[in-house]
Amino acid sequence: MKPLIIVGTGLAGYTLAKEWRKRVPEGPLVLITADGGSSYSKPMLSTGYAKGKSADDLIMADEVAMADQLKAEIIQGRVVSLNPEQRQVSLEGGQILQGSDVVLALGADPFRPALGGDASSQVHSVNDLGDYRRLQAALTGVRRVTIVGGGLIGCEFAHDLRTGGYEIDLVEPAGRLLPSLLPEAASWALAGALQAHGIRLHLGQGVSAINYGDTRLQVSLSQGETLEADVVLSAVGLRPRITLAQSAGLTCQRGIQVNRYLECSRPGWYALGDCAEVEGLVLPYVLPLMAQARALAQTLAGQRTAVQYPAMPVVVKTPSCPVVVAPVAPHTEGSWEFEIEGHDVKALFHDSKQQLLGFVLMGRWAQQPAEKAALQKKLPDMLAT
Ligand SMILES: Cc1cc2nc3c(=O)[nH]c(=O)nc-3n(C[C@H](O)[C@H](O)[C@H](O)COP(=O)(O)OP(=O)(O)OC[C@H]3O[C@@H](n4cnc5c(N)ncnc54)[C@H](O)[C@@H]3O)c2cc1C
């Protein structure tokens, strides 16, 4: 009997494997991973430094424990090509595996903008345990860190490393923080809170070059300023890993395109997690991938099930000024109403029929779970039945 093959052992691959195993106790299962196969919670990567956590501390179970728990074979190796017709995957080194079905849970790559300067290759980005380990080594014994990107991951790292005692310069070209998640007034409140936490903000300018200086890296900004840094961390976004699927002829746009059943454009092939574009939506967060994993496990166990997304607010882990946001899609008709007091923000977005379509809770408002739950209930589903 051919196994179910899952390529990827991130949260998407392992959550699917666990959900499937609940429904298919004895079926053969193979997981393939280009990393070590340890199970860990990726959101912990941007909150671990202040707590003094090493990469090993973040591991919840290693690949041997996971293989045992899932009654699965876990293969460490990189998949280099796919054969959609035969439901085959080929690994570096020549091994070819054939599955009953094949699931792609390949994640996303950090976007690396082209930078000038003789030290541009020294930029870190953190998207897995190996990256975290390398960044932690680079941070040992130094003080000044420049973070490029004021989105969710950049703000979280800035806050965490500042709490851990580093001097932080946070550079965001868009001119305000969390530009794709927050309305402008809330961005400014968050900026004030991060400044009060001791983070230096450089908004509305990008990094043009990074050069070696006598003792530190010289980070040149587009408006002429130069920052000194021991370490530069880039957090300017992620790109779904689509190259493998694209080369094999599976339809891709921003991500590997799948329908509500997580089916790719060829039978027997599925995708979920950060690599997948589900009905046009690329949502690189934990809650969507869990909803996908539950639905896909049912389908793979024989009961074809469409994924449903309720409203899924995003939590930004900046503890001195926590943020919960249910973002509003660009160009949505409607308007924001704000209640702002210092860093405490409650903002609601309604359409012309007074239907709540999004909200922001920041500071003390974000620490009231009942408020969040009440608002969340009023939001429409993101993908309804
Ligand atoms: C620092 C950080 C903080 C975050 N915080 C939050 C948060 O607070 N809340 C939230 O909801 N989301 C958060 N996210 C996003 C969330 O963690 C991701 O959406 C989720 O972990 C993605 O899981 P995944 O399994 O799709 O991808 P990944 O975890 O990237 O896993 C991809 C897997 O595919 C494997 N792979 C890739 N290519 C190949 C190949 N060719 N051959 C074999 N194997 C391959 C990799 O080795 C890996 O095992 C955060 C992300 C980061 C980076």
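When a ligand or atom number is given, it counts from 1 through the structure's own listing order. If you're wondering where the values come from, they're calculated on a predicted model, not measured in any experiment.
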Nearest candidate to [atom], where distance is taken over non-hydrogen atoms, out of [options]:
atom                    : options                        : answer
atom 6 (C) of ligand 1  : Ser41, Gly10, Pro43            : Pro43
atom 33 (C) of ligand 1 : Ala293, Ala271, Ala105, Pro110 : Ala105
atom 37 (C) of ligand 1 : Thr9, Val286, Leu106           : Leu106

With heavy atoms only and a cut-off of under 4.0 Å, state how [X] meets ligand 1: side chain, backbone, both or neither.
X      : result
Ile153 : side chain
Cys275 : neither
Val7   : side chain
Leu272 : neither
Leu244 : side chain

Proximal ligand 1 atoms for [X], defined as those under 4.0 Å from one of its heavy atoms:
X      : value
Gly273 : 26 (O)
Gly8   : 33 (C), 34 (O), 35 (C), 49 (O)
Leu289 : 20 (C), 22 (C), 23 (O)
Val126 : 53 (C)
Arg78  : 41 (N), 42 (N)
Thr33  : 43 (C), 44 (N), 47 (O), 49 (O)
Lys317 : 5 (N), 6 (C), 7 (C), 8 (O)

Short question: side chain of [X], backbone of [Y] - any donor-acceptor pair under 3.5 Å?
X      : Y      : answer
Arg21  : Gly27  : yes
Lys71  : Glu26  : no
Tyr166 : Leu139 : yes
Asp381 : Leu383 : no
Asp351 : Leu357 : no
Asp57  : Ser54  : yes
Asn127 : Ala108 : yes
Ser222 : Gln205 : no
Asp160 : Tyr49  : yes
Arg241 : Leu106 : yes

Hey, does [X] come in under 3.5 Å of ligand 1, counting only N/O atoms on both sides?
X      : result
Pro284 : yes
Lys42  : yes
Tyr40  : no
Ala34  : yes
Ala12  : yes
Val79  : yes

If you have a sec, work out which protein heavy atom is nearest atom 26 (O) of ligand 1 and how many Å separate them, to one decimal?
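Of every protein heavy atom, Asp274 N, 2.9 Å lies nearest to atom 26 (O) of ligand 1.
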Does any donor atom in the side chain of His197 or Thr163 lie under 3.5 Å from an acceptor atom in the other side chain?
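The answer is yes; a qualifying pair exists.
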Write down the atom of Glu172, the atom of Gly150, and the distance for their closest heavy-atom approach.
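Closest heavy-atom pair between Glu172 and Gly150: OE1-N, 2.6 Å.
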Between Val126 and Asp131, which heavy-atom pair has the shortest distance, and what is it?
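Result for this residue pair: CA-CB, 3.5 Å.
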Would Gly77 count as a contact residue for ligand 1, given that I'm defining contact as a non-hydrogen atom of the residue lying under 4.0 Å from a ligand atom?
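A heavy atom of Gly77 does come that close to ligand 1.
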OH-OG1 distance between Tyr261 and Thr299, expressed to the nearest 0.5 angstrom:
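Those atoms lie 8.0 Å apart.
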